[in-house]
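Below: one structure, written as structure tokens.
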Amino acid sequence: LTSIEKSLGKRDFELVVAQDNLDTTESLELLSGRNFKWKIVLVDNAIFTEKTGIKHFFNNPTVTNNAAFVNRHPDSKQVFLMGNEIIAYKDVFDVMLKKHTDPKQLVLSTTFDIPESVLGQLDKDGTNVDSIIGHCTGFPLASLRYHSDVTNYISLCSASLWDYIGGYD
């Protein structure tokens, strides 16, 4: 949350937190006092499965991600989707916005792994990630030298694209 607040600065945005854990105590503690608009969307996977016939599998966030999107502000033009273990670095949001030139386009961030040798240098909120990102650029989570099935990244698409394709994971 701190990295989002720091990276987006004074931009007008709303954060939608979708969670399938019905206890919002921790989320409310983390969100209170932030300098941006936010809301929490609770997702009951059993009710979703009953209504749609689609089962929520293991730790796949598709259902909660799409629930968050459906509950976005109606005036949203662009939507970032960010995994719960992602720390936004430097100007990643600005870079992605500059690359997003076509409303039918999906833009994905480059995601880096933080090596064990550097991990201990992060402060508790990850706000100093910019100072160590140089150590991480040799460890992209998907490259010719390295592959991971980790799908944590930041994505950006237009609200109209998301509506057209009916969500994505």
Side-chain angles (χ1 to χ4, degrees), residues 1-21 24-43 60-114 118-119 121-137 139-142 148 150-169:
L1 294 174
T2 303
S3 71
I4 294 170
E5 193 168 39
K6 182 180 174 187
S7 299
L8 288 173
K10 297 186 186 291
R11 288 182 189 270
D12 183 26
F13 70 96
E14 177 183 51
L15 178 75
V16 179
V17 176
Q19 65 180 62
D20 51 16
N21 173 356
T24 60
T25 306
E26 183 180 8
S27 296
L28 289 170
E29 287 174 9
L30 293 169
L31 290 165
S32 65
R34 296 289 173 172
N35 294 323
F36 52 81
K37 295 175 281 191
W38 56 267
K39 68 178 164 185
I40 297 174
V41 176
L42 299 177
V43 180
N60 187 322
T62 306
V63 173
T64 49
N65 290 347
N66 285 288
F69 186 81
V70 168
N71 286 280
R72 76 191 187 277
H73 191 278
D75 295 334
S76 298
K77 301 278 187 277
Q78 295 169 310
V79 177
F80 286 101
L81 179 66
M82 189 168 163
N84 63 333
E85 295 180 359
I86 293 293
I87 302 171
Y89 59 90
K90 294 186 181 179
D91 55 354
V92 65
F93 294 112
D94 289 329
V95 168
M96 292 175 71
L97 284 166
K98 285 179 187 168
K99 289 182 180 180
H100 192 247
T101 57
D102 180 346
K104 295 179 181 160
Q105 177 185 34
L106 175 67
V107 177
L108 301 174
S109 68
T110 301
T111 303
F112 300 105
D113 191 15
I114 300 177
V118 179
L119 195 56
Q121 297 174 33
L122 272 179
D123 61 24
K124 77 176 188 76
D125 293 323
T127 56
N128 65 331
V129 72
D130 291 355
S131 66
I132 64 168
I133 197 68
H135 299 287
C136 304
T137 57
F139 302 94
L141 286 180
S148 170
V150 174
T151 55
N152 274 346
Y153 49 79
I154 302 171
S155 64
L156 168 63
C157 75
S158 64
S160 61
L161 175 61
W162 188 300
D163 287 336
Y164 177 75
I165 63 176
Y168 69 91
D169 175 34

For [X] versus [Y], what's the shortest heavy-atom pair and its separation?
X	Y	answer
Met96	Val107	CE-O, 3.4 Å
Leu1	Phe36	O-CE2, 4.3 Å
Ser32	Trp38	N-CZ2, 4.5 Å
Ser27	Gln19	OG-OE1, 2.5 Å

[atom1]-[atom2] distance between [X] and [Y], expressed to the nearest 0.5 angstrom:
X	Y	atom1	atom2	answer
Lys99	Leu108	NZ	CG	10.0 Å
Leu106	Leu156	CG	CG	8.0 Å
Lys39	Glu14	NZ	CD	4.5 Å
Cys157	His100	SG	NE2	6.5 Å
Leu8	Asp94	CG	CG	7.5 Å

Ser158 side-chain N/O to Leu161 backbone N/O, donor-acceptor pair under 3.5 Å: yes
Side-chain donor/acceptor of Glu5 to backbone N/O of Asn35, under 3.5 Å: yes
Sole candidate of Leu28, Leu42, Leu31 that passes side chain to side chain contact (heavy atoms under 4.5 Å, CB included) when paired with Val17: Leu31
Contacts of Lys37 that satisfy salt bridge (charged side-chain N to carboxylate O under 4.0 Å, His left out) - sequence neighbours left out: Asp12
Side-chain heavy atoms of Ile4 within contact of Phe80, under 4.5 Å: no
Close side-chain approach of Arg11 to Leu97, heavy-atom, < 4.5 Å: yes
